[in-house]
Amino acid sequence: MSALARDAIDLLGGPLGHRIRVCAGPGCQLLFVDASRPGTRRWCSMERCGNLAKVRTHRTGRAGE
């Protein structure tokens with residue numbers, strides 16, 4: 001447990017601390033380090049929340065046709 005706490009302190013206080021984000025997926029509260037070049041990543045992963053959000057947006061857009 002102490003190793004986990006030490007790693008968390010190193011991450012939060014380190015050079016990537018400002019890149020820690022909460023996933024924007026509804027109901028998902030995972031934290032991730034945004035290592036993308038522009039720093040605009042929104043989801044914990046494309047396979048999990050990103051794909052679901054894109055499918056939801058696509059279906060909503062097509063519902064009005």
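Residue numbers run from 1 in the order of the sequence given.
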Atom [atom1] in [X], atom [atom2] in [Y]: separation rounded to 0.5 Å?
X     : Y     : atom1 : atom2 : value
Glu47 : Leu52 : CD    : CG    : 11.0 Å
Leu11 : Arg6  : CG    : CZ    : 14.5 Å
Trp43 : Lys54 : CH2   : NZ    : 5.5 Å

Task: Sidechain-backbone polar pair: Asp34 side chain, Thr40 backbone, donor-acceptor under 3.5 Å - done: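 Indeed, once roles are kept as given, a pair shorter than 3.5 Å links the two residues.
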Task: Side-chain heavy-atom pair Arg56, Pro26 within 4.5 angstrom cut-off - done: yes
TODO: Check the hydrophobic clustering (I, L, V, M, F, W, Y; side-chain heavy atoms under 4.5 Å; chains of links allowed) and say if Val22 and Leu30 are grouped together.
DONE: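 No, Val22 does not connect to Leu30 through the hydrophobic network.
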Task: Same apolar cluster: Phe32 and Met46, side chain cutoff 4.5 Å - done: no
Task: side-chain contact (heavy atoms from CB on, under 4.5 Å) between Arg41 and Arg19, intermediate numbers included - done: CA-CA 10 Å; Arg41 186 170 148 196; Arg19 291 277 188 123; over 6 Å; no
- [ ] Please name the pair of heavy atoms, one in Cys44 and one in Cys23, separated by the smallest distance, quoted to 0.1 Å.
- [x] N-SG, 3.3 Å
Open item on the list: Using every non-hydrogen atom in the two residues, find where Cys28 and Arg48 come nearest and quote the distance to one decimal.
Closed with: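 Heavy atoms of Cys28 and Arg48 come nearest at SG-NE, 4.1 Å.
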